2 protein chains.
Amino acid sequence: MKKNSTTIYDIARALEVSASTVSRALRNHQDISAEVTEKVKKMAKKMKYKPNTLAQNLKERKTKVIGVIIPEIIHHFNMSVLNGIEEVAFRKGYHIMVTKTNESYQREVMNADSLAGQVDGLLVCLSQETKKYDHFRTFKQQEIPLVFFERVAEKVAGHRVVMNDEAIAFTLTEHLIKSGYQRIAILTGGDHLNTCRSRIKGYREAISRYGMTPDESLIVKTGMSFQEGRVGFQKVMSMEQKPDAIFATGEQIALAVYSETKKMGLHIGSQLGLAAFSCDPLLALLEPSVTGLGQKGFEMGSMAAQLCINEIENENKSTKSRAETLSNELIIRKSSLKTSADTLVVSSYSSFLSGKNSDESLVYIY
Amino acid sequence: MKKNSTTIYDIARALEVSASTVSRALRNHQDISAEVTEKVKKMAKKMKYKPNTLAQNLKERKTKVIGVIIPEIIHHFNMSVLNGIEEVAFRKGYHIMVTKTNESYQREVMNADSLAGQVDGLLVCLSQETKKYDHFRTFKQQEIPLVFFERVAEKVAGHRVVMNDEAIAFTLTEHLIKSGYQRIAILTGGDHLNTCRSRIKGYREAISRYGMTPDESLIVKTGMSFQEGRVGFQKVMSMEQKPDAIFATGEQIALAVYSETKKMGLHIGSQLGLAAFSCDPLLALLEPSVTGLGQKGFEMGSMAAQLCINEIENENKSTKSRAETLSNELIIRKSSLKTSADTLVVSSYSSFLSGKNSDESLVYIY
DNA sequence: TTTTTTTATGCAACCGATTGCGGTTTCGAT
DNA sequence: ATCGAAACCGCAATCGGTTGCATAAAAAAA
């Protein structure tokens with residue numbers, strides 16, 4: 001690259017001034033007279049000068065690039081987040097380097113290591129496998145801002161942007177209960193993921209709050225992927241006491257349940273309730289439509305990018321780790337209603353976290 | 001960034017050798033004795049040395065980064081492509097810098113300019129607005145490999161990876177005709193896009209081949225976005241002579257048609273045929289399911305990345321622009337069948353390009 | 001022992017832009 | 001005419017790693 005490009009030295013030679021003068025002129029340094037400045041700029045344009053970003057990076061010790069690590073690309077929520085990140089980055093003059101882990105811890109480590117040298121900040125959504133966080137230490141040492149989103153490392157210093165997982169899970173479960181379902185299974189991933197842990201917690205809270213008998217065998221932690229979701233679903237559906245509703249804690253799981261159910265000929269809603277912790281708008285297009293969440297991916301991504309860039313550009317080192325929680329809303333559709341009511345009612349359940357959290361999860365009936 | 005990191009000079013000082021020796025030792029240069037090499041490597045590990053990528057980039061005049069420009073991120077096909085790109089890039093030791101244009105020419109220019117200085121290669125899917133290609137000249141001048149995919153610039157030197165648009169469009173239209181639809185509208189974008197041009201051509205070919213009367217008013221070029229697709233759909237549906245089938249030339253258009261149709265209460269298939277030039281697997285989940293294409297996004301992305309990296313690493317300048325065409329298959333589902341046949345028949349139409357193109361578009365009935 | 005080769009290492013330039021510091025010129029003030 | 005202060009500009013170092021060339025030391029040949 002940069003085969004035939006002109007440098008400040010070329011301009012300097014052409015104008016018989018020094019390279020430093022050219023450099024200063026191009027940056028509007030006041031030491032350089034107006035006429036020289038103009039002369040330099042004119043020549044720069046004439047010679048199609050483009051500053052060598054690589055040299056600037058080395059000198060300035062920064063790249064105007066933020067790294068992104070996500071588990072999967074083919075994933076609507078991740079895409080939305082990425083979209084938000086890109087949008088903010090673009091407006092702020094940054095580029096994004098995107099890597100995916102395929103939910104593999106090992107690949108996450110490789111990505112983190114390889115990005116370490118060339119980004120000014122890093123945005124991460126942890127892989128499903130990740131239980132150790134040493135690969136992020138480099139960033140703290142080098143004072144590279146680190147922002148986790150969605151799946152966060154609580155033990156690592158760094159900003160965090162998450163959803164109100166516990167409250168939403170509570171509301172969602174509460175809704176299923178109020179819809180008349182008696183045996184609600186939750187399909188989710190490992191306890192080490194904050195998302196799964198919180199969602200399970202909210203689920204448990206609702207179950208016990210409404211005096212239902214908790215059944216540990218209904219909490220199935222097979223994983224967040226499509227395949228793993230299917231496995232979990234098959235597992236609960238082969239129990240002697242089958243569940244009558246499913247809480248799918250991720251969009252891939254929801255899709256797995258949905259397609260499996262269709263294959264089995266079960267009618268979603270009347271025969272098996274389904275509610276998903278998913279922002280995918282596709283849920284509204286399915287027939288029957290699936291209860292899910294509002295779309296907060298873009299917001300999460302832009303907030304994460306914003307936090308990151310702020311810390312990059314703020315010279316004050318006083319930036320403590322901030323933990324941002326996005327509220328979200330439950331959008332009720334046919335899949336979680338036993339009777340497909342033609343008349344749609346709008347109501348609102350209060351969030352179960354009475355004092356602590358005032359942003360109650362709104363509930364729309366569609 | 002790179003606040004407290006050790007350099008080769010630190011290692012050199014600790015070992016009382018020169019920096020060049022350290023550099024060479026770390027790269028296994030044969031001039032350095034085995035013992036010194038080992039000593040250096042041991043010390044490097046001990047001091048947690050990581051080479052400064054920025055300095056290497058400047059020196060080597062390359063970055064091991066390939067830029068990607070796509071119109072939209074929230075777009076299944078684009079993400080499939082991106083997924084393929086990332087996968088190949090990762091395996092080859094490259095990073096990807098992802099930018100999106102939001103279908104804006106201006107933003108495409110900005111992205112191209114800003115990427116020019118810091119990538120070893122560039123992968124581009126043109127924006128819908130783009131009609132001038134000057135912003136890609138820099139890359140040719142600097143000999144930075146350029147690969148277009150999906151929407152390509154035919155006038156610009158660079159590799160191209162496309163689908164067999166014309167043949168697929170022919171097959172798809174042919175299928176609608178054979179299904180018994182009489183008035184087939186095609187919703188698409190501007191003629192300057194190779195994709196639209198080829199798809200329209202295939203459509204026209206099929207219409208005339210089967211002796212139907214072509215009607216220019218059925219060729220609606222409102223654009224490829226969801227909103228534009230909806231506009232186009234509303235336009236044809238408000239004609240005095242409505243179409244009885246729609247050929248949606250993109251996934252966003254297909255979704256627009258699908259959701260509008262549902263709103264109108266029209267039954268897709270029996271009342272209005274629909275076939276989409278789209279790889280989105282969601283089409284299979286909808287009810288009625290929508291006729292579309294096989295998933296070739298990953299393949300397109302990995303091929304594009306492969307071409308790009310090959311050219312980056314091949315020193316022989318003899319790399320002529322290669323144009324790769326991916327074949328694809330039509331997957332027939334309920335939306336393009338007037339009667340929802342319970343018995344599914346598998347057949348195969350021959351590609352209309354008899355001699356020239358032997359990869360006929362396979363047709364599955366689902 | 002002397003000369004030639006081989007082996008191993010260091011010096012310094014380079015990639016291109018930035019910037020502290022010092023030097024020269026200009027010009028008004030004394 | 002002399003001095004001091006702006007106003008302008010260039011030298012050289014720096015960022016960290018790489019590499020051609022020279023050199024020194026060790027080994028081999030004479």
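As the structure is a prediction and not an experimental result, all values here were calculated from the model. Throughout, a chain's letter reflects where its sequence line sits, starting with A, and its residues are numbered from 1.
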Need one value for [X]: base, sugar-phosphate or nothing, where a base atom within 4.0 Å counts as base even if backbone is also close, heavy atoms only.
| X | result |
| --- | --- |
| Val22(A) | nothing |
| Ser23(B) | base |
| Ser33(B) | sugar-phosphate |
| Val17(A) | sugar-phosphate |

Just by distance, do the side chain of [X] and the backbone of [Y] share a donor-acceptor pair under 3.5 Å?
| X | Y | answer |
| --- | --- | --- |
| Asp120(B) | Lys62(B) | no |
| Gln128(B) | Glu103(B) | no |
| Asn78(A) | Ile73(A) | no |
| Glu86(B) | Lys100(A) | yes |

Without decimals, in angstroms, what is the distance between [X] [atom1] and [N] [atom2]?
| X | N | atom1 | atom2 | value |
| --- | --- | --- | --- | --- |
| Met47(B) | dG16(D) | CE | C1' | 14 Å |
| Arg13(A) | dG16(C) | CZ | P | 11 Å |
| Ile8(B) | dG16(D) | CD1 | C1' | 6 Å |
| Glu16(B) | dC11(C) | CD | C1' | 18 Å |
| His29(B) | dT9(C) | NE2 | P | 12 Å |
| Glu60(B) | dC15(D) | CD | P | 20 Å |
| Asn28(A) | dT19(C) | CG | P | 13 Å |
| Lys50(A) | dA17(C) | NZ | P | 13 Å |

If the cut-off is 4.0 Å, is [X] near the phosphate of [N], judged by side-chain N/O to OP1 or OP2?
| X | N | result |
| --- | --- | --- |
| Gln30(A) | dA7(D) | no |
| Gln56(B) | dT18(D) | yes |
| Arg27(B) | dG17(D) | no |

Got more than 12 heavy atoms from elsewhere within 6.0 Å of CD, Gln106(A)? no
So does Glu38(A) have more than 12 non-hydrogen atoms from other groups sitting under 6.0 Å from CD? no
Classify the side-chain pair Asn28(B)/Lys41(B) by whether it contains a donor and acceptor separated by less than 3.5 Å. yes
Kindly indicate, with the supporting measurements, whether the criterion side-chain contact (heavy atoms from CB on, under 4.5 Å) is fulfilled by Val162(A) and Thr325(A). CA-CA 5 Å; Val162(A) 294; Thr325(A) 303; 4.0 Å; yes
Between which residue ranges does DNA chain C form stems of three or more consecutive Watson-Crick or G-U wobble pairs, both distances under 3.5 Å? C:5-30 with D:1-26
Is Glu108(A) salt-bridged to Arg151(A), cutoff N-O under 4.0 Å? no
Carboxylate-amine/guanidinium contact Arg61(A) Glu143(A), below 4.0 Å: no
Considering only nitrogen or oxygen atoms on both sides, find all protein atoms under 3.5 Å from nucleotides 11-13 of chain D and state each distance.
from	atom 1	to	atom 2	distance (Å)
dC11(D)	N4	Ser20(A)	OG	3.1

For the base of dC8(D), is there a side-chain donor-acceptor partner from Asp31(A) under 3.5 Å away? no
